[in-house]
Amino acid sequence: TFGGAAASDVAVLSSSQITCVTPPHYPTAVDVSVINPDAETGTLLRGYTFESDVASVGLPDTGGGQHAIVEVPLSAANVNGLAAADLTITFDSGVLVGRGARTGSLTPGWSVAANTATPGQVRLSMASSGGTVNGSGVLAYLEFEVVGAPGTTTPLALAMASLNDGAIPVETGDGSFAVDQVFDVAGTVRYWHDSLGVPGVALTLQGDRLYSGESDVAGAYSVVGAAAGDYVLTPHKATDAEGISAYDGSQALQHAAGLITLTGHQATAADVNKSGAITSMDAFHILQHAVGLITLPFPGAGAVWTFSPPSRSYVGLASDQVGQDFTAILLGDISGNWAPAAGGSAVSGEVGAQSAGATLGVDDTPTLPGQQVSVPVHLAVQDAELYGADLTLTYDPDVLTAVRVDKGALSTDWTVVANLSTPGEIRIALAGAAPIVADGELLRLVFDTTGAAGASSAVAFTRADLNEGLIPVTTAGGHVTV
């Protein structure tokens with residue numbers, strides 16, 4: 001084939017020589033392809049050049065997907081002294097609708113007028129703004145909307161071509177347009193722990209062209225209208241990442257210490273820095289995120305969500321593909337308590353709901369002007385095992401300035417991370433590999449006293465989640481009085 005058109009009188013003389021008669025074609029360089037009887041092919045790019053003593057104008061054999069807006073090049077070759085062109089292109093109005101035209105590589109700066117009022121026809125008038133052009137290139141790009149059904153075709157015929165009001169002899173070459181056969185790829189994206197549908201996952205089907213879709217509230221998705229070819233389908237998601245807490249950090253610490261063993265998707269969620277191992281560093285990153293000191297993605301991860309399988313490949317897509325399912329994993333959510341944002345957080349049965357409770361309290365504490373003061377936070381637990389806590393406390397920044405958060409007797413062996421960057425607010429995440437089961441001092445909040453004598457600041461809880469909310473908790477604030 002020469003430029004996609006079959007040659008005639010083909011004779012194979014040897015493994016390295018073939019003779020043939022080339023097909024009709026307007027002057028241009030084309031690819032030469034040889035197809036063996038077993039369908040193996042070889043192509044020499046721009047391997048043959050068609051030449052002519054007269055100017056040539058031609059349209060290609062091309063195609064596109066239904067509902068797409070496509071541009072078809074109208075090429076010219078061997079022109080000399082070209083200053084104006086009038087052309088009429090006809091086609092099947094049931095397949096294409098003309099939308100307009102623009103200048104090409106041979107006609108920069110020219111004026112162009114396109115009449116698309118008649119269905120099935122585009123009349124084109126072009127004129128130079130000054131000098132003439134010589135050589136070969138694209139006269140104009142014709143814009144069409146593809147309205148035909150997949151599999152339909154139409155000739156692209158040059159019904160009239162006049163160059164320089166007929167002064168330049170011209171031969172024409174017709175082309176064709178085929179509406180691509182298209183196929184759909186569909187499936188669901190579900191969460192690893194409880195098979196909840198994951199909405200808002202972007203699915204990209206990448207090949208010679210790019211197609212995309214997005215999962216709905218039930219996790220179902222469909223990528224539609226893909227032309228036949230080779231593709232890779234890849235899911236992406238970077239939002240809706242609630243559910244990562246200090247309790248998840250505790251589970252990473254327990255695994256690192258050999259107290260529990262995380263496997264499968266749960267282990268994938270725990271290795272937040274993608275180091276290949278679950279370590280105390282993963283727990284540290286989780287606690288940092290829980291208090292807002294770092295944003296997602298976690299350092300080293302490069303992604304907020306990961307998927308199993310990471311992608312799906314299609315060689316020679318030639319039919320609809322259904323059941324192309326993915327499992328979604330939110331890095332850092334080791335307990336699996338994620339739920340879609342509209343539904344709020346879910347309670348994971350794997351955490352182990354407890355029928356007990358706890359009390360958190362802040363001691364009333366006196367201080368002096370300009371003095372540093374340490375305010376105890378006490379914990380009392382009843383029939384519960386505390387592995388992780390996410391706390392937020394507020395205070396009056398006109399009276400106090402938060403300096404640090406110290407461990408109490410109960411949290412000596414725990415990891416404690418605090419965010420003091422917002423005046424008037426302290427966010428704390430703490431977790432341990434061994435549970436807290438006793439009563440005592442959990443933390444100490446250290447402040448500098450900035451208020452005058454007689455001033456007072458409440459220190460109150462606005463959030464207290466123990467084991468991701470599985471341990472009911474009662475809180476009691478306190479006061480620091482100058």
Side-chain angles (χ1 to χ4, degrees), residues 1-6 23 25-26 28-36 38-48 58-75 91-92 95-97 99 101-102 104-105 137-138 140-156 173-187 201-215 221-236 307 309-324 326:
T1 63
F2 291 74
H25 203 286
Y26 63 89
T28 187
V30 298
D31 300 342
V32 180
S33 294
V34 175
I35 302 94
N36 285 349
D38 62 0
E40 290 291 327
T41 66
T43 298
L44 182 62
L45 300 178
R46 299 177 61 83
Y48 188 84
L59 289 158
D61 295 321
T62 186
Q66 188 181 32
H67 308 307
I69 302 297
V70 297
E71 285 192 327
V72 176
L74 175 62
S75 298
F91 48 88
D92 185 345
V95 177
L96 297 174
V97 173
R99 292 302 186 203
R102 64 180 178 90
S105 60
V138 177
Y141 288 97
L142 308 175
E143 185 179 281
F144 297 97
E145 179 183 356
V146 183
V147 296
T152 57
T153 62
T154 177
L156 293 173
D174 295 340
S176 64
F177 189 93
V179 184
D180 293 340
Q181 289 280 3
V182 294
F183 309 100
D184 299 346
V185 179
V201 178
L203 286 300
T204 57
L205 188 64
Q206 177 71 58
D208 289 338
R209 305 177 189 177
L210 178 66
Y211 304 89
S212 62
E214 184 173 293
S215 60
Y221 75 89
S222 183
V223 181
V224 302
D230 298 339
Y231 294 97
V232 175
L233 178 67
T234 307
H236 307 271
F307 297 87
S311 62
R312 292 183 178 275
S313 298
Y314 306 92
V315 178
L317 179 68
S319 62
D320 291 342
Q321 302 293 312
V322 298
Q324 306 302 292
F326 291 91

(request) Going by the side chain to side chain contact (heavy atoms under 4.5 Å, CB included) test, name the single residue among Val224, Leu233, Leu203, Val322 that passes it with Val185. (result) Leu233

(request) Compare every heavy atom of Gly65 with every heavy atom of Val179, then report the nearest pair and how far apart it is. (result) CG1-C, 4.4 Å

(message) Going by side-chain hydrogen bond (donor to acceptor under 3.5 Å, both in side chains), name the pairs with one or both residues in residues 222-234, residues two or more places apart or in two chains.
(response) none

(message) Could you measure the distance from the CG atom of Leu74 to the OH atom of Tyr141? Nearest 0.5 Å is fine.
(response) 10.5 Å

(message) Looking at every heavy atom in both Thr204 and His236, which two are closest together, and how far apart are they?
(response) OG1-NE2, 3.5 Å

(request) Taking all heavy atoms of Pro73 and all of Leu59, pick out the closest pair and write down the distance. (result) O-CD2, 3.9 Å

(request) State, to 0.1 Å, how close Pro235 and Pro310 come at their nearest heavy-atom pair, and which atoms those are. (result) CD-O, 3.2 Å

(request) Please tell me if the side chains of Ser176 and Thr153 come closer than 4.5 Å, counting only heavy atoms from C-beta onward. (result) no

(request) Taking the side chain as every heavy atom from C-beta outward, state whether Leu205 and Gln324 have any atom pair closer than 4.5 Å. (result) no

(request) Fit a plane to each ring of Tyr221 and Phe326, take the angle between them on a 0 to 90° scale, and name the class: parallel (under 30°), tilted (30 to 60°) or perpendicular (over 60°). (result) tilted

(request) Measure the shortest side-chain to side-chain distance between Ser33 and Thr41 over non-hydrogen atoms and say whether it is less than 4.5 angstrom. (result) no

(request) Working to the nearest 0.5 Å, report the span between CG of Leu317 and CG of Asp184. (result) 9.5 Å

(message) Testing the basics here: between Pro150 and Gln66, what is the closest heavy-atom pair and its distance to 0.1 Å?
(response) CD-OE1, 3.5 Å

(message) Holding to side-chain hydrogen bond (donor to acceptor under 3.5 Å, both in side chains), I want the full list of residues that pass it with Gln206, two or more places apart in sequence or in another chain.
(response) none

(message) Keeping Asp31 on the side-chain end and Arg46 on the backbone end, is there a donor-acceptor pair under 3.5 Å?
(response) yes

(message) Is any side-chain heavy atom of Thr152 closer than 4.5 Å to one of Asp92?
(response) no

(request) Would you please name every residue forming a side-chain contact (heavy atoms from CB on, under 4.5 Å) with Asp38, sequence neighbours left out? (result) Asn36, Glu40

(message) Is it the case that the ring center of Phe144 lies less than 6.0 angstrom away from the ring center of Phe177?
(response) no

(request) Compare every heavy atom of Arg209 with every heavy atom of Ala227, then report the nearest pair and how far apart it is. (result) CB-NH1, 4.4 Å

(message) Are the side chains of Leu142 and Leu156 in contact, using a 4.5 Å heavy-atom criterion?
(response) no

(request) Please examine the side chains of Pro60 and Ser75, heavy atoms only from C-beta on, and report whether any two atoms are closer than 4.5 Å. (result) no

(request) Could you tell me whether the side chain of Asp174 reaches within less than 4.5 Å of the side chain of Pro155, counting heavy atoms only? (result) no

